[in-house]
Peer 1: 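Here it is: the structure, laid out below.
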Amino acid sequence: MSKNSAKKIINDPLKCADELFEGLVLAYDGKARKVGRRSIVMNELRPDAPALLVGGGAGHEPIYHGLVGPGMADGAAIGDIFAAPPPDIVLEATEAVNRGKGVLYLYGNYAGDVLNFDLGAELAEEEGITVKTVIINDDVCSAPPSEKSKRRGVAGLVPVVKLAGAAAQTVDTLEELARIAQKAVDHTRSVGVSTKPGSIPATGEPTFELADDVIGLGMGIHGEKGVGLIPMCTADELAPKILDLLFADDLELNAGDEIVFFVNSLGSTHMMELLILLRAARPILEAKGLKVHQTILDNIVTCQEMAGVSFSITKLDDELKRLWDLPCESVGYTKL
Amino acid sequence: MSKNSAKKIINDPLKCADELFEGLVLAYDGKARKVGRRSIVMNELRPDAPALLVGGGAGHEPIYHGLVGPGMADGAAIGDIFAAPPPDIVLEATEAVNRGKGVLYLYGNYAGDVLNFDLGAELAEEEGITVKTVIINDDVCSAPPSEKSKRRGVAGLVPVVKLAGAAAQTVDTLEELARIAQKAVDHTRSVGVSTKPGSIPATGEPTFELADDVIGLGMGIHGEKGVGLIPMCTADELAPKILDLLFADDLELNAGDEIVFFVNSLGSTHMMELLILLRAARPILEAKGLKVHQTILDNIVTCQEMAGVSFSITKLDDELKRLWDLPCESVGYTKL
Amino acid sequence: MPKSSLSSDQVKEMLLQVADAIIAAEPRLSEADRNLGDGDHGLGMQRGMTAGKEKLQELEAGTPIDKVFSSLGMAMMSSMGGASGAIFGSYFRAGGKALAGQEVFDSASLAGFLRAGVDGVKQRGGAKVGDKTAVDSMEPAAEKAAESTALPLPEAAAAAADAAIAGMEASKDMIAQFGRAKTLGEGCLGHPDAGAMSITVILGAMRDYIQA
Amino acid sequence: MPKSSLSSDQVKEMLLQVADAIIAAEPRLSEADRNLGDGDHGLGMQRGMTAGKEKLQELEAGTPIDKVFSSLGMAMMSSMGGASGAIFGSYFRAGGKALAGQEVFDSASLAGFLRAGVDGVKQRGGAKVGDKTAVDSMEPAAEKAAESTALPLPEAAAAAADAAIAGMEASKDMIAQFGRAKTLGEGCLGHPDAGAMSITVILGAMRDYIQA
Ligand SMILES: Nc1ncnc2c1ncn2[C@@H]1O[C@H](COP(=O)(O)OP(=O)(O)O)[C@@H](O)[C@H]1O
Ligand SMILES: Nc1ncnc2c1ncn2[C@@H]1O[C@H](COP(=O)(O)OP(=O)(O)O)[C@@H](O)[C@H]1O
Ligand SMILES: [Mg+2]
Ligand SMILES: [Mg+2]
Ligand SMILES: [Mg+2]
Ligand SMILES: [Mg+2]
């Protein structure tokens, strides 16, 4: 057992991914089941429908594997801590969710995920399963709009998976599902900041350094560099900085537009701070004429030990709004 | 502005309670409204029904005030950080939720809450409003079963408010509502542990000390002393210790009993650890013949900066199970 | 010059100084609560006394003495919340009520205020001497003031303030029966109760005003 | 004694030593990834090589050389996940495939393995020399081995290992175009790529086995 300086309640730090997976299967109370080595799949799947498969590395719970459920994803392929799932896990999950109508892979834009899901797709195609892929790249600060393929996927994945999950309950073809998922991605942008570094359970070491008097503006969910470091500041100062970056991006936001506004905590930032940030952000959204159709405040996209927040905006058109309003349930996000 | 060593994203540390309250009102997206100085009340209330009012100090978000919503509480009276709401706030909330059938006060057993809600009740009675009170005292480690009136209210308040909230949607008299809420309390027990101290925003200082190599077993949600300190240990070692304390208490748990099992994080403990603890706990519950009707894993009862977890068990009889299965929605807990 | 009795406006002036003394003592009071409770006692008292000052300053000149005290109590009760909002609010409200109709504040008024105040607190909170609460300072101060009604006000106030300190000191050896500290058991020993400490600050500031 | 060529069982033995070398280098590899990525590269490689060892040990004596390499690649790919699972898995799988039918492993085999390996990686991941990835060690090693087919295996292996080190050193001056480091821009400068470092460990361990 390696040392673990982060004072976490775990067992063998090298077995965290396997053990949290076993816990997750139990958390679904019999509604989802373990498949193969490390996939989780709903027991009741809508017959003859295209499937929605999500996935990614562990250590960011409850995403992605906590987003499986009615009105959310059909299943998830789960990797090790901070590591995309290997191709054979992608394959086992693909086979289990497929109902003859093909499978949509929906995941965040990281080299490892792209490589492994692509390898998994090749294996699945060999088994005669049609696969389509939509990659989530909502992180505004990771590349300019002209280089969107370089953008990471961060907290915006929650509204995207919710919308795609609703679509998976209603559409009949993989093409339609992929179209809507891609639209949800195209309509979603996020900007995050970090105040305290994360850690990997196996080492317990902070994965990056951040002085006490600075905030990483535009940082990714592993602490990847963003726009730069800014002096530690108040919620009232920070909210407009984040929103300015969102407004400056290429998602057009006009007066009258309806949005989902998601304030995510990276895990060690508490709800009190999310509420105080929401108080700072809402008047700015309103001043721009945006109508918040739904607010989400939660820690759904996290990183071990890390503190920080992100704002995500998803612009709803009529189709997305209809899908948004459908109920969903999962370990990570539930809506009546 | 006082110093705040905890690196939190806030504004004036002395205004946190007011500002998080304003954020919370926004988080309800128009479904609940601000009342008076610092109360929050649902806009749509079931007509001619007894009302459910919860409340307590701030700094433990999303409880209590995040538990307002359909199928949950009708309103909440909110205090300052770690301080029960003053009597006039209790009164303003009471008047706003009352629909002529009286109001049930449901809150955790702390000196300040009892004193202030009692004062509030006296003022309400002067206004001709009937008030009943049910006090939540689920914390097994704060006093022996023979001195239940000394027990604190901790994470068990979530299933209790959920059950009382469902009752408030279905029963017609205050007496019935109080009876069911009291039954929910009587059927609920919690044991918590802490690994890292909390802090008060106004000072940023840790509110208690805890060495790196120990866990506070049975600690309350402000770090109040419990059974004692134990050496830092693994999830597999900790889960049976917590469950043993729950099983040794006076809530009879027999083979075949159905329960709600709630694993709560105090806020800085991440979901990964909750999942690994659930993996350790479930086989022990099953070995005792208990049937988990619903698992909840979340950080709903928190304390600024504090790390730690608690297990809560609510035993469901037929009546409570029927109430449990009703849907509910709130900022803090939602169920389809 | 030491004051042998106070007019209602002087009472108001005295309570404004009491408020400043509590506000200045915030770190010490919070620290005491960190040892036994949740560390916010000083913050709550600061909040209450800040609201109290505002309320006192709004009072018209010549407001009756009982109303001066109970205005402070009401302001504390409705701004603080928490255990001490109810306890200290009740202290000043109940204590003030006992002075209804009095036009000057003298040694007898002090004794009347302290007795009615602690009785109101005991009735509200149920704590008695020895339970390691504010009552452990309130009760000896009230007793001492009752014995001192024949003394000039400056001496009576000094005696009551000293008794409050002795009560706070005694609370170090008590095991808490109320409030958040009640689960600490022997872990309480050695630490004075935070609310009792507030009483020593309040009575100390009253004495200082009266003696100055 | 330096080995001029390896049997398939020796290749297996060599790869077991490669695995141990990577496992031992875990802290160094993770540290390199902490500077540029998410700090888990060593852990992933350790996981992959631990699974690889098990797989290699299960192989029957005389398993063909290409299968020995590709078994390691498969084990890495399916146990690691992450970018490096796909990259290093592809490396050993594609590299191994090039040795189909070969009964001994010599300087030409080394060159064939390294060329097919890096080509497989480039095809899979799209990175080229200069992008600050493992390719920056793989490519110079393959080139050097191609120039060294006339040399005895121990010398060829040493030359390839040195070229890998030079490639890793060169990666310090590159700005990443792939993986998590790609958003760091100039923040990359001065740090070697973690995957390139793994290649130096792998080729160093191969050389050590061949020379011993
Ligand atoms: N029943 C009671 N009677 C008298 N004083 C009490 C009682 N309960 C609590 N107190 C006083 O309140 C103090 C704590 O106040 P404070 O920290 O402001 O409230 P809280 O416990 O709500 O955080 C204690 O130190 C004690 O003196
Ligand atoms: N497209 C690519 N081609 C070659 N190597 C790559 C590519 N993408 C990433 N890598 C290598 O993978 C290494 C990171 O591996 P690792 O840390 O295990 O994966 P992850 O980035 O998923 O955490 C990088 O240092 C780089 O050498
Ligand atoms: Mg990784
Ligand atoms: Mg308090
Ligand atoms: Mg306190
Ligand atoms: Mg990495």
Side-chain angles (χ1 to χ4, degrees), chain A residues 7-12 16 19-24 26-29 58-59 61-62 66 70-71 193 195-196 201 212 215 232-236 238 267-280 282 292-295 297 299 302 304-305 307 309 327-329 331-332 334-336, chain B residues 7-12 16 19-24 26-29 58-59 61-62 66 70-71 193 195-196 201 212 215 232-236 238 267-280 282 292-295 297 299 302 304-305 307 309 327-329 331-332 334-336:
Chain A
K7 201 175 184 188
K8 293 177 84 68
I9 305 172
I10 56 176
N11 296 305
D12 184 340
C16 283
E19 294 191 350
L20 74 86
F21 169 63
E22 289 174 30
L24 185 68
L26 295 169
Y28 277 101
D29 287 324
E61 287 67 32
V193 303
T195 51
K196 291 180 201 163
D212 268 356
I215 295 180
M232 179 67 194
C233 63
T234 64
D236 284 354
L238 186 59
S268 291
T269 297
H270 284 227
M271 179 66 102
M272 182 183 89
E273 290 156 271
L274 304 188
L275 291 165
I276 292 176
L277 276 165
L278 177 63
R279 172 188 166 279
R282 275 288 289 267
V292 178
H293 181 64
Q294 171 130 26
T295 304
L297 290 183
N299 48 342
T302 73
Q304 297 307 310
E305 310 305 303
V309 296
C328 66
E329 185 171 50
V331 168
T334 297
K335 180 184 150 16
L336 211 60
Chain B
K7 202 176 184 188
K8 294 177 84 68
I9 306 172
I10 57 176
N11 297 306
D12 183 340
C16 283
E19 294 191 350
L20 74 85
F21 168 63
E22 289 174 30
L24 184 69
L26 296 168
Y28 277 100
D29 286 325
E61 286 67 35
V193 304
T195 52
K196 290 180 201 161
D212 269 357
I215 296 180
M232 180 66 196
C233 62
T234 65
D236 285 354
L238 186 60
S268 290
T269 297
H270 284 228
M271 180 66 103
M272 181 182 89
E273 291 157 271
L274 304 188
L275 290 164
I276 293 176
L277 275 165
L278 177 63
R279 172 189 167 278
R282 275 289 288 267
V292 178
H293 180 64
Q294 171 129 26
T295 304
L297 290 183
N299 47 342
T302 73
Q304 297 308 310
E305 311 306 301
V309 296
C328 65
E329 184 170 49
V331 168
T334 297
K335 180 185 150 16
L336 213 61

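Per chain, numbering begins at 1; letters A, B, ... match sequence-line order. The basis for the numbers below is simple: all heavy atoms, side chains too, and nothing from hydrogens, waters or symmetry mates.
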Peer 1: Heavy-atom pairs under 4.5 Å with chain A are the metric here; pick the option from Ala58(B), Pro62(B), Pro327(B), Gly66(B) that has the most.
Peer 2: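 That would be Pro62(B).
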Peer 1: Walk me through it: do Leu275(A) and Glu61(B) pass the test side-chain contact (heavy atoms from CB on, under 4.5 Å)?
Peer 2: CA-CA 9 Å; Leu275(A) 291 165; Glu61(B) 286 67 35; 3.7 Å; yes
Peer 1: With respect to chain B, which residue among Leu238(A), Leu297(A), Asn299(A) yields the maximal number of heavy-atom pairs within a distance under 4.5 Å?
Peer 2: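 Most heavy-atom pairs within the cutoff with chain B belong to Asn299(A).
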Peer 1: Relative to chain B, which segment of Ser268(A) carries a heavy atom at a distance below 4.5 Å: side chain, backbone, both, or neither?
Peer 2: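 For Ser268(A), the contact with chain B is made by backbone and side chain together.
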Peer 1: Any sub-3.5 Å donor-acceptor pair from Asn11(A)'s side-chain atoms to Ala235(B)'s backbone N or O?
Peer 2: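 Yes, because the side chain of Asn11(A) sits within donor-acceptor range (under 3.5 Å) of the backbone of Ala235(B).
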Peer 1: Non-hydrogen atoms of chain B under 4.5 Å away: do they reach the side chain of Leu336(A), the backbone, both or neither?
Peer 2: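 Contact with chain B: backbone and side chain both.
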Peer 1: Rounded to the nearest 0.5 Å, how far does CD1 of Ile9(A) lie from CG of Asp236(B)?
Peer 2: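 Asp236(B) CG to Ile9(A) CD1: 12.0 Å, rounded to 0.5 Å.
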Peer 1: Measure from the side-chain N and O atoms of Glu273(A) to the backbone N and O of Lys8(B), and report whether any donor-acceptor pair falls under 3.5 Å.
Peer 2: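 No, because the side chain of Glu273(A) does not come within donor-acceptor range (under 3.5 Å) of the backbone of Lys8(B).
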Peer 1: Pick from His270(A), Met271(A), Glu22(A): which one has the most heavy-atom pairs with chain B under 4.5 Å?
Peer 2: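 Counting heavy-atom pairs under 4.5 Å, the top option is His270(A).
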Peer 1: Please report the closest heavy-atom contact between Met272(A) and Cys16(B), naming both atoms and the distance.
Peer 2: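 Minimum heavy-atom contact is CE-SG, 3.8 Å.
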Peer 1: Minimum heavy-atom separation for Lys7(B) to Asp212(A), with atom names?
Peer 2: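 Closest approach of Lys7(B) to Asp212(A): CE-O, 3.2 Å.
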Peer 1: Of all residues at least two apart in sequence or in a different chain, which pass the salt bridge (charged side-chain N to carboxylate O under 4.0 Å, His left out) check with Lys196(A)?
Peer 2: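 Lys196(A) satisfies salt bridge (charged side-chain N to carboxylate O under 4.0 Å, His left out) with Glu305(B) once adjacent residues are dropped.
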Peer 1: Please examine the side chains of Val292(B) and Asp29(A), heavy atoms only from C-beta on, and report whether any two atoms are closer than 4.5 Å.
Peer 2: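 Of all side-chain heavy-atom pairs linking Val292(B) with Asp29(A), at least one is under 4.5 Å.
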Peer 1: Please flag which part of Leu277(A) lies under 4.5 Å from any non-hydrogen atom of chain B: side chain, backbone, both or neither.
Peer 2: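 Leu277(A) touches chain B through side-chain heavy atoms alone.
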Peer 1: List the atom of Ile276(B), the atom of Glu19(A), and the distance in Å for their closest heavy-atom pair.
Peer 2: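 Nearest pair, atom of Ile276(B) first, then Glu19(A): CG2-OE1, 3.6 Å.
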Peer 1: So which residue, Gln294(A), Lys335(A), Gln304(A), ends up with the most heavy-atom pairs under 4.5 Å with chain B?
Peer 2: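 Looking at each of Gln294(A), Lys335(A), Gln304(A) in turn, Gln304(A) comes out on top.
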